[in-house]
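Presented below is the structure to which this report refers.
In what follows, every chain begins at residue 1, and chains take the letters A, B, ... in the order their sequences are listed.
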There are 2 protein chains.
Amino acid sequence: MAAEALARTLDTAAALCAQRGARLTPQRRRVLEILCRTERPLGAYEILDQLREGSRALAPPTVYRALDFLLEQGLAHRLESQHAFIGCRHPGCAHQSQFLICARCGRVIELSDAGVSERLAMAARARGFEAERPVVELIGICAGCASAEPAPDCPS
Amino acid sequence: MAAEALARTLDTAAALCAQRGARLTPQRRRVLEILCRTERPLGAYEILDQLREGSRALAPPTVYRALDFLLEQGLAHRLESQHAFIGCRHPGCAHQSQFLICARCGRVIELSDAGVSERLAMAARARGFEAERPVVELIGICAGCASAEPAPDCPS
DNA sequence: ACGAGATTGAAACATTATAACGTTTCCAGG
DNA sequence: CCTGGAAACGTTATAATGTTTCAATCTCGT
Ligand SMILES: [Zn+2]
Ligand SMILES: [Zn+2]
Ligand SMILES: [Zn+2]
Ligand SMILES: [Zn+2]
């Protein structure tokens, strides 16, 4: 994420937390910044490595606690299929997300497609199931990678 | 799964594999049986524990290899949000599944809702994204648990 | 029988995540 | 200003999940 957009995202996050009485401490803010600065999703231990830059010795719970907070506040998302985390692309707006995850370049597109959410809700309701936490992730090939690469059946 | 249904599922699996030239070895068959006999999804190490009953000392790769085979053949599914595996409820029929996972009792309903699949495909296609492996899991409360328990806002 | 390829056994290792416990920091009320 | 309770943080150890590696064995077509 570009520097300006990053600053704006962090400001939005701070405002949201203030408004909710939640504390976006320096450490949590730092984790959010690391997440948002990166295009790709990051594993907890990758975040930890970046947090440690500057010779501080931090342990796994530190980063997992910060992530729990960010997930609760809707400032970050967990990609279950990747065991990784990503900064939310539109924090504040309550949203059910779907993720398009490129298996080649690792980039992620965060959607909030109402049609998909509705269909899922319908399917669940029809079985008397009350959905609380949807996990919708499509692993595949993004537009950029599809055009940059030869077709799957192209003779090299 | 009841004994009869289990036997039928295993026979179907054997027939499918034979037809494809894939080898449903005793070990793989045993893992499939463990998966299908159980209502709930099972972690790899839970399966391993059951495989070991009879004092054999098996290592993790044994069960992961069997699971890889079953996943490839569409005889089992992996629940990404649970780090667990489940036997397919309708093997043979090519299908994209969605899973309703009860957070209370652990039971799983495997859907193959065409409307959901289509909506997802549309949303992806609109972004030039070619989905290869969909992960759709709704965590929530199943009908049985909802009726058995007091409402969330019920004063105890 | 022979050999290529698939399957299995076994040990070590890598990665991801949490439990448990103590300390520090923050903030509201006295 | 004190002070007590809650939230946040530090630290160690450990649980849970998944992979690499290499050697031994089995299967099947020739
Ligand atoms: Zn989001
Ligand atoms: Zn890509
Ligand atoms: Zn299935
Ligand atoms: Zn239930």
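- Residues passing the side chain to side chain donor-acceptor pair (under 3.5 Å) test with A:T62, sequence neighbours excluded: none.
- Contacts classified as salt bridge (Lys or Arg N to Asp or Glu O under 4.0 Å) and involving residues 9-27 of chain A (residues at least two apart or in different chains) are not found.
- Contact between B:L16 and B:P91 at its shortest, heavy atoms only, is CD1-C, 4.1 Å.
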Pairs under 3.5 angstrom only: tabulate donor-acceptor contacts from the side chains of residues 35-49 of chain B to other protein residues two or more places apart or in another chain.
unit_1 : atom_1 : unit_2 : atom_2 : d
B:R37  : NH1    : B:E33  : OE2    : 3.3
B:T38  : OG1    : B:I34  : O      : 2.8
B:E39  : OE2    : B:M1   : N      : 3.4
B:E46  : OE1    : B:G43  : N      : 2.8

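- Between A:L48 atom CG and D:dT11 atom C1' there is a gap of 13 Å when expressed in whole angstrom units.
- A stacked arrangement is not assigned to B:Y64 and the six-membered base ring of D:dT19, the conditions of a centre distance below 5.5 Å and an interplanar angle below 30° not being jointly met.
- A:V63 and A:L75 fall within the same hydrophobic cluster, where Ile, Leu, Val, Met, Phe, Trp and Tyr residues are linked whenever their side-chain heavy atoms come under 4.5 Å apart, directly or through other members.
- Shortest non-hydrogen contact noted between A:S81 and A:I139 is OG-CD1, 3.6 Å.
- Nearest heavy-atom pair across B:A22 and B:Q73 is CB-NE2, 3.6 Å.
- OP1 and OP2 of D:dA16 both lie 4.0 Å or more from every side-chain N or O belonging to B:H83.
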With the criterion being N/O to N/O and under 3.5 Å, what pairs connect the protein with nucleotides 10-13 of chain C, and how long is each?
unit_1 : atom_1 : unit_2 : atom_2 : d
C:dA10 : OP2    : B:A57  : O      : 3.2

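- Separating the CZ atom of B:R52 from the P atom of C:dT8 is a distance of 16 Å, rounded to the nearest angstrom.
- Scanning residues 17-36 of chain A for heavy-atom distances under 4.0 Å to DNA chain D yields A:R23, A:T25, A:Q27, A:R28.
- Inter-residue side-chain proximity for A:S117 and A:Q96 is flagged as met; some heavy-atom pair is nearer than 4.5 Å.
- A:R56 has its CZ atom 10 Å from the C1' atom of D:dG10, to the nearest Å.
- Annotation for A:I141: hydrophobic cluster partners, listed by chain and number, are none (ILVMFWY side-chain heavy atoms under 4.5 Å, direct or chained).
- In the region residues 66-76 of chain A, proximity to DNA chain D at under 4.0 angstrom, judged on heavy atoms, holds for none of the residues.
- Between the C1' atom of D:dC9 and the CG atom of A:L51 lies a distance of 13 Å, rounded to the nearest Å.
- Judged by distance alone, with hydrogens and angles left aside, A:Y45 brings a side-chain donor or acceptor within reach of the base of C:dA17, the pair sitting under 3.5 Å.
- Rounded to an integer number of Å, the gap from B:L79 CG to D:dA16 C1' is 17 Å.
- With axes fitted over five pairs at each extremity, the angle between the ends of the helix from C:dA1-D:dT30 to C:dG30-D:dC1 is 30° (10° resolution).
- Side-chain contacts under 4.5 Å among hydrophobic residues (ILVMFWY), followed directly or transitively, place A:I109 together with A:L100, A:L111, A:V116, A:L120, A:F129, A:V136, A:L138, B:L100, B:I109, B:L111, B:V116, B:L120, B:F129, B:V136, B:L138.
- For the ring pair (Phe, Tyr, Trp, His ring centres under 6.0 Å) test, residues two or more places apart in sequence or in another chain that qualify with B:H95 are B:H77, B:H90.
- A search for side chain to side chain contact (heavy atoms under 4.5 Å, CB included) contacts involving A:R65 returns A:P61, not counting sequence neighbours.
- Legend: residues meeting side chain to side chain donor-acceptor pair (under 3.5 Å) with B:Q82, ordered by chain and number and at least two apart, are absent.
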